[in-house]
Protein chains: 2
Amino acid sequence: MEKAKRPPRGTRKRDVPLTEAGIYVAALRLIDADGVEALTMRKLATALDANPMSLYHHVPNKDAVLRGVARMVGTQFRTVTLEDAPWQERIRLLATDFRTLAHRHPKLMAYSFSHQADFIQPEDPFWAALTAILDAAGVPQSELPQITALVGAVITGVLTAELNGALHRWLSLASPTVGEDGPIHDENCMFRLTLDTIITGLEGRLATNGDGRGADH
Amino acid sequence: MEKAKRPPRGTRKRDVPLTEAGIYVAALRLIDADGVEALTMRKLATALDANPMSLYHHVPNKDAVLRGVARMVGTQFRTVTLEDAPWQERIRLLATDFRTLAHRHPKLMAYSFSHQADFIQPEDPFWAALTAILDAAGVPQSELPQITALVGAVITGVLTAELNGALHRWLSLASPTVGEDGPIHDENCMFRLTLDTIITGLEGRLATNGDGRGADH
DNA sequence: ACCTGAACACCGTTCAAGT
DNA sequence: ACCTGAACACCGTTCAAGT
């Protein structure tokens, strides 16, 4: 009879204690599947095979769950730093790596970009790398914060438009012949095109402001 | 006793029948004040001095209310078209006019940019004007949809970062001396800087692709 | 320390009933 | 045609009580 204290194998998903990290992992799985707006403390508890109220012993509220998940995903970001490559190529690589992460959890990232003003922080690897590259490119110290913010805003902006489908709509409605190689191909091109255009714009700015070349080391 | 059918003046706000347009106007007022996430069918009904269920006779559901409000605000967009000004100046004016509208209803616009992939449609005045300007600038027909989407994505992207506060955070955390003339000044500069950079980038692209000047007519 | 059931104050929406 | 009350199926969160 004491075996009855636990339901038979297969009905009980959780035989591991509730943890903050475990809650975030489960929440991310639900978000990836159904979107942020479908995430519910009650559903999350069900997914963890727990009582809804038990979650509140590990997490203060729902907003903290969303911030925790975003933070967990954010720390997964890694990029190789090609110190001796030209800054144009380094920006392209950084942005592409960031986009790869965004594609891994599109629903969460679309939400974070628009709802979490503090999702990308100046101390984050992405921001630090971006600042370092632009510094190496020869952007004057006085303009570095603004230029970094500009490039950051453009990258997250075009990514948001891609993740929420606006980019795809604009392309497919404007020219019905688009998308022959699939929407992913179009959006690869659009991302690349946007990067190239902003890079060209920066080159122009650097050329008028100085010698247009950063200190090589 | 028959006077009691209506509460005394001042307690009853609505003595005009419920309308679809009236619902949108009231919803916009609530959104401007408290944000989209605070809008509730029940609060909306209270603001209109109506029973919550009465709304459903004029509007199918809450999502339709949000789309209706966004559409109502979107049609307010107007810009002057300076046919004979250089395309750079025309883009700057168009983008600035659009930003002015966004500042009039920041909460709604931030929501629409990230949640309504169809908020800006290719038939809208904004999109049509943008396409016309880029066409006049000499962008080849084959690239016109992509370049328009690129400029549109960049403008809405930087606007989103401004409206949700991310831009301000990036600037103020990166350089503590920022904001001496107030955040609005900073964000004016950032918007202008982004526009100028993207325009310089387009100039570079046009220069390599052709004679770098559109047909004047 | 960790979990839980009941409860509270909300939601959006359906539906049958009123005028 | 337009409005309404009651009800349903949900929410996030508090709190007192259990182990």
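Other residues, nucleotides and ligands contribute more than 12 heavy atoms inside 6.0 Å of the CZ atom of B/Arg92.
In this structure, CE of B/Met41 is placed 19 Å from P of D/dC10, rounded to the nearest angstrom. Note: OH (B/Tyr56) to C1' (C/dA17) measures 19 Å, nearest angstrom. Remark: C1' of C/dG12 and CD of A/Glu37 are 15 Å apart, rounded to the nearest angstrom. Rounded to an integer number of Å, the gap from A/Ile23 CD1 to D/dG12 P is 14 Å. As rounded to whole Å, 18 Å separates atom P of C/dC11 from atom CG of B/Asp63. One interatomic measurement links the two molecules: CG of B/Leu48 to C1' of D/dT4, which rounds to 16 Å at whole-angstrom precision. What separates CG of B/Asp49 from C1' of D/dC3 is a distance of 13 Å, to the nearest Å. As rounded to whole Å, 12 Å separates atom C1' of D/dC11 from atom CZ of B/Arg42.
A donor-acceptor contact closer than 3.5 angstrom is absent between the side chains of B/Arg169 and B/Asn164. A donor-acceptor contact closer than 3.5 angstrom is absent between the side chains of B/Asp196 and B/Gln88.
Just one residue in the list B/Asp32, B/Val25, B/Leu30 forms a side-chain contact (heavy atoms from CB on, under 4.5 Å) with B/Leu28, and that residue is B/Asp32.
Here the nucleotide nearest the side chain of B/His57, chosen from D/dC2, D/dG12, C/dT4, is D/dC2. Nearest nucleotide to the side chain of A/Met53, out of D/dT4, C/dA6, C/dG12: C/dA6. With D/dG12, C/dT4, D/dC3 as the candidates, the nucleotide lying closest to the side chain of A/Asn51 is C/dT4. When distances run from any side-chain atom of A/Leu18 to the nucleotides D/dA7, C/dC3, D/dC11, the shortest one goes to C/dC3. Ranking D/dC11, C/dT4, C/dC11 by closeness to the B/Lys43 side chain, first place goes to C/dC11.
Nucleotide C/dG18: paired with D/dC2 (Watson-Crick or G-U wobble, both distances less than 3.5 Å). Across all strands shown, D/dC8 forms a Watson-Crick or G-U wobble pair, both distances under 3.5 Å, with C/dG12.
Looking at B/Phe98 and B/Thr79, their side chains never come closer than 4.5 Å, going by heavy atoms from C-beta outward.
Between B/His58 and the phosphate of D/dA1, there is no side-chain N or O to OP1/OP2 separation shorter than 4.0 Å. The phosphate of D/dC11 has OP1 or OP2 within less than 4.0 Å of a side-chain N or O from A/Thr40. Close to D/dT4, at under 4.0 Å from its OP1 or OP2, lies a side-chain N or O of B/Ser54.
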